[in-house]
Amino acid sequence: MSTFNEATQQAAINLCLSIADDKLFLGHRNSNWTGIAPILEADIAFSSLAQDDIAHASAIYELVGSLMGDSADDIAYGRKPDAYLCADIVTKDDGFDWANAIARQFYCNHFDLLRFERLSNSSWSELAALCKRLVVEQHIQVNHINDWVMQLATGTTESKEKIAHALNEYANEASMMFETPYGFELLIEDGIVNSSSDIFDAWHKRVSEQFNRAGIEIEVKQRSVDAQGGRSGIHSEDFNESLRELQAVYREDPTAAW
Amino acid sequence: MITNPRIKPPFKDDELETQEVNAFPVWEVFTQKKETDAHTHAGSLSAPNALMAANFAREHYGQDQVCRSMWIGLRDDFKSKDGCEDTYEVFVQWNAGDRHVHVGQVGAASGEEAEAMCKKDFVGDKEFYTIWTIPHQAMNSIDGEEDMIWRSTDQSYRLAKGYSKIVRQKWDAIRASKDVDDYQKEDLKDTF
């Protein structure tokens with residue numbers, strides 16, 4: 001088990017929470033499609049991938065739980081709204097528009113893959129080992145969603161318009177995924193993670209490749225350096241609604257055994 | 001309390017201009033649990049093309065049990081008597097209601113010829129129900145060793161057996177507490 005000094009430990013906790021919270025809320029939002037996705041096969045596949053997101057969240061909560069001395073469930077469900085560090089794209093309401101769900105998933109999946117790849121080199125060995133495993137699973141999500149974007153963009157004129165519109169709609173929130181959680185610089189200084197100053201460019205390159213493949217033009221701009229949002233615990237109304245829904249059962253009886 | 005339930009999604013049937021497609025081609029999926037096992041028919045699905053068929057098959061048929069390899073092909077190809085010169089994968093359904101099981105490969109110029117070769121090489125004088133054949137080229141395969149199908153993170157929540165174990169524990173606990181309640185009720189009756 002790795003040990004950190006207090007400030008570094010808090011920074012490491014923040015980093016893990018930012019990843020796990022992204023995954024938990026994305027999986028939760030996507031699971032809303034269970035039973036009502038446009039075709040049966042997409043319904044089953046999207047639900048299965050949502051389960052993966054929650055499994056990934058769970059694995060990271062377990063890891064951070066060892067630092068926080070708390071159970072994965074309590075960390076996942078028991079915090080106050082501003083202690084959640086997910087980016088608000090994961091909770092942005094899709095209005096049950098399939099193109100929105102695909103756009104949200106597309107941006108997030110590519111970011112998650114990149115993040116796991118980079119954290120596989122972390123000097124925090126437990127985190128690196130976990131991320132190495134998750135990279136392999138995240139590839140499944142990325143391949144799946146790339147093909148969906150391609151499918152919609154090359155389907156009918158209407159499906160192309162819809163997916164392009166959705167990708168534009170989610171572009172702003174996507175850029176906010178790159179806000180770093182509090183203390184991230186400390187992790188770089190301490191050599192726990194490598195500098196990530198080029199992560200937006202790396203991500204942008206990958207999503208642009210897919211836009212080219214699908215024959216659509218989407219502009220995603222980098223956020224302004226001081227823009228604060230979900231990673232700082234400052235959340236949208238969509239997040240609050242999602243959190244209320246997520247915590248509803250847990251709050252009935254936080255001590256219940258599942 | 002759930003203040004804003006999302007259980008009633010706003011269906012927008014009238015907004016779509018594109019006609020709904022009800023006739024995607026049907027694909028048959030075969031899965032293999034262990035390297036030494038034969039590929040066995042897992043089920044079918046509808047998908048617009050081979051790419052999406054593979055994506056759907058991975059989630060639909062690759063996650064209910066360990067899966068190390070997957071073959072996906074068009075139902076029409078499995079059943080076709082036509083075809084071209086190729087190596088054919090051949091599958092036998094021994095009894096009605098059984099799953100088709102991969103029995104081997106034959107070189108043939110058509111589905112019909114492949115079926116005849118399959119009978120000669122793999123069936124002999126045994127009873128069987130139906131045979132499916134498919135040119136190797138026409139089939140998509142996913143090798144789970146290189147391209148993960150079954151996940152490495154904890155997937156026990158997907159399995160029915162994990163669920164039933166937990167449910168049984170809960171029932172046992174409920175029955176145990178009911179026994180105690182009944183005992184106490186009887187006990188109170190006797191006492192007063």
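Remember, predicted model here, so these are calculated numbers, not experimental data. Labels below follow one simple rule: chain letters A, B, ... track the order of the sequence lines, proteins then strands, and each chain is numbered from 1.
Checked against side-chain contact (heavy atoms from CB on, under 4.5 Å), B/H41 has the following partners two or more places apart in sequence or in another chain: B/E28, B/F30, B/R99, B/H100, B/W132.
Note on B/K81 versus B/E115: salt bridge recorded, some NZ/NE/NH1/NH2 to OD/OE distance being below 4.0 Å.
Within the 4.5 angstrom heavy-atom criterion, only side-chain atoms of A/H56, from C-beta onward, approach chain B. For chain B, the nearby parts of A/E41 are the backbone and the side chain; heavy atoms of each come within less than 4.5 Å. At a 4.5 Å heavy-atom cutoff, A/L130 makes no contact with chain B through either its backbone or its side chain. Of the two parts of B/M148, the backbone and the side chain both hold a non-hydrogen atom closer than 4.5 Å to a non-hydrogen atom of chain A.
For the pair A/D74 (side chain) and A/D70 (backbone), a donor-acceptor distance under 3.5 Å is absent.
Just one residue in the list B/H102, B/Q32, B/R68 forms a side-chain contact (heavy atoms from CB on, under 4.5 Å) with B/D37, and that residue is B/Q32.
Ring-plane geometry between A/H28 and A/F25 is classed as perpendicular, the angle between the planes exceeding 60 degrees on a 0 to 90 degree scale with a lower cut at 30.
With chain B as partner, the option from A/I44, A/T156, A/D147 having the largest number of non-hydrogen pairs under 4.5 angstrom is A/D147.
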